[in-house]
Amino acid sequence: MAEPRSNELMEKIVSLCKRRGFIFQSSEIYGGINGFWDYGPLGAELKRNVKEIWWRTMVHNRDDIVGLEATIIMSPEIWKASGHVDTFSDPMCDCLLTKKRFRADQVEPQSGVAYYFACAVQDEHRTEALHNAAVNLDAHKALLEKMPPETRKRYEFLLTEYWDQIANAGFDPNRLPKIDTRHFSVLVKPGPHEEASARKTAMQFYKRDGLEKPLPILEKKEAIENTTGFNPENGAELTPPRPFNLMFKTYVGPVADEENVAYLRPETAQAIFAQFKNVLETSRQKVPFGIAQMGKAFRNEVTPRNFTFRSREFEQMELEFFIKPDEVIEAIKCSVSSVQSESSELKTENLKLETSSAWGWEAWHKYWVEERIKFYEGIGLPRATLEEYWQKPEELAHYARATVDLLFKFPFGAQELEGIAARSDFDLSQHERFSGKPMGVFDDELRAAWGKLPKEKQDDLRRRYYEHRKKYLTKTARPDDTPEQIEKDAKEDADGLAKGNYIPHVIEPSAGVDRLILALICHAYSEDQAPDDKGKPETRVVMRFHPRVAPIKVAVFPLLKNKPDLVAKAKEVRDLLRPHMTVFYDDTGAIGRRYRRQDEAGTPFGVTIDFDTLGEKGAELKDTVTLRDRDTMKQERVKIGDLLPLLLDRVR
Ligand code: ATP
């Protein structure tokens with residue numbers, strides 16, 4: 001069967017999500033609220049499974065990562081230190097006609113003919129109005145004086161443009177025409193009706209704010225290519241891009257003033273940095289180690305879109321993995337080792353990933369890229385559905401040494417699922433400076449090793465550490481940080497190495513739960529042909545979730561609902577499995593229809609209790625059930641006693 005086209009496919013997915021209770025629009029009965037989504041019964045299970053597997057993989061299955069659960073609202077100082085108050089913004093522009101807001105970097109470039117209108121006049125009595133505009137000189141003089149120079153130019157232009165037309169017309173010199181002096185432009189497709197089309201849009205613009213019958217005055221027109229200055233939906237002019245802070249603001253306490261402003265966290269990561277020292281001191285961990293957190297994050301996205309992909313409220317799963325700076329590794333181990341490749345191709349999948357205490361940031365970064373890809377493979381997103389996008393040097397934040405975006409091939413294009421960034425010691429350093437509390441660690445191995453290093457090595461390491469700290473302090477300097485002070489601080493930091501002190505660097509794999517759920521749903525969706533109850537082929541929608549994430553692991557069906565013995569046996573099987581996995585009991589409708597319902601829910605296994613189970617056709621089949629596989633539709637006969645271990649083996 002032909003692959004459904006991508007947007008058709010998205011439509012089918014969105015409709016299935018609603019029909020089967022994966023995802024609903026938030027506040028739907030009130031018309032919804034843009035950028036907010038609710039998870040229905042199946043979606044909630046899917047989400048819980050994904051989060052549970054992430055936590056187990058990242059925290060429980062490792063010795064070197066611990067968890068944190070911090071609040072959503074924190075001190076606003078945190079967001080000043082992290083840079084979110086000053087720089088967490090998207091360039092945004094508004095459509096002058098509809099006021100719709102766009103993210104400037106997401107406006108598709110377009111080509112066409114741009115019509116520039118200088119202003120518009122009331123066209124009730126066109127000639128009279130224009131005449132008035134041109135000849136009522138005294139009144140106009142007064143008006144012109146009040147106008148800003150740019151508007152005045154346009155207005156004067158209007159007067160000369162129409163002078164000829166009005167020369168012989170009758171008019172009332174005491175009446176000024178109503179005029180809207182705003183400039184407006186429209187991009188239209190070239191063709192015989194281009195001017196009419198441009199005028200129509202311009203009239204809508206001038207009409208909206210007062211003129212009942214506007215006559216737009218054309219200043220010029222020109223062909224224009226690849227412009228992002230116009231609304232792709234209606235051709236109307238867009239405002240120049242302006243930064244728009246994405247943090248949701250609120251007030252703490254009863255007084256809604258600037259003193260009490262707080263923000264809903266736009267990421268979970270910052271709490272990890274702010275609590276770094278507390279976690280370090282209470283968990284008995286030593287660098288390298290990580291702190292993981294998952295939870296809600298909020299961003300007032302300019303254009304939420306692609307279903308749940310870009311939402312305003314979403315969940316993140318983030319790890320901050322703290323490592324020693326390369327200079328420290330070099331002091332302790334004499335050199336920094338990199339990850340070894342098992343083949344000549346330097347792809348992360350070819351790397352040997354036994355962690356090593358001699359690894360520098362580059363090795364740790366590659367290690368985490370590969371670990372995260374393996375995580376996705378383990379929950380049913382094959383490597384071929386993902387892409388690694390290594391940010392180019394010019395795209396990197398000034399403190400980042402490398403960033404990889406892991407993209408998933410969604411039906412609407414390959415888009416970021418997770419970012420894995422080597423963020424140097426930027427975050428802890430920022431919190432140290434803003435809070436005044438030390439964020440560094442003491443490393444006895446470093447202190448012991450330092451004393452044994454030759455003088456030249458010490459000098460070399462100290463110099464490199466100093467250069468790095470100076471670069472950071474210079475980039476983030478505040479108005480009263482003088483160059484002398486920066487030099488002094490950087491030198492102090494570098495001297496700290498000899499005493500065993502440094503600020504850890506960090507590798508940050510940061511994933512979005514909701515984007516992952518959407519990726520899993522998109523990847524699971526499939527259609528095939530299966531026979532209906534009468535054996536006629538029909539289209540079957542199957543959600544081929546990996547059993548580990550599937551919302552329901554097994555469905556239990558008594559063949560007939562009106563046979564008490566079958567029902568009792570089926571309930572016995574349900575109760576046997578239920579303590580260990582999600583079970584759905586269904587006794588309504590023909591068995592084929594019950595299978596279809598579970599195929600759409602993505603339930604990997606179906607267990608049917610029939611008359612053989614009761615031993616009616618012989619002792620050897622007594623207490624056996626049919627176990628149906630969702631993907632192959634194959635059925636096998638399994639003893640009830642073997643069912644639990646067999647299923648546990650397949651769903652874990
Ligand atoms: P984008 O460029 O798509 O806006 P980002 O680079 O700003 O994403 P990060 O700040 O790195 O994203 O956030 C880490 C992860 O959080 C992303 O990879 C994504 O999975 C998730 N995420 C970020 N913003 C949103 C959102 N608005 N809706 C859903 N998930 C999001």
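For ligands, and for the atoms within them, numbers begin at 1 and follow the listed sequence. All residue numbers refer to positions in the sequence shown, counting from 1.
Among residues two or more places apart in sequence or in another chain, the side-chain contact (heavy atoms from CB on, under 4.5 Å) test is passed with V252 by I73, A262. For D86, there are no salt bridge (Lys or Arg N to Asp or Glu O under 4.0 Å) partners at least two apart in sequence or on another chain.
Aromatic ring pairs are classed by plane angle as parallel below 30°, tilted from 30° to 60° and perpendicular above 60°; the pair F322 and F289 is tilted.
Closest heavy-atom contact between Q293 and A271: NE2-CB, 3.8 Å.
Residues with a heavy atom under 4.0 Å from ligand 1: R299, E301, F309, R310, S311, F314, Q316, E416, L417, E418, G419, S510, A511, G512, R515.
For the pair R242 and F244, the cation-pi criterion (under 6.0 Å, within 45° of the ring axis) is not fulfilled.
Note on residues 33-42: pairs passing side-chain hydrogen bond (donor to acceptor under 3.5 Å, both in side chains), not counting sequence neighbours, are Y39-D514.
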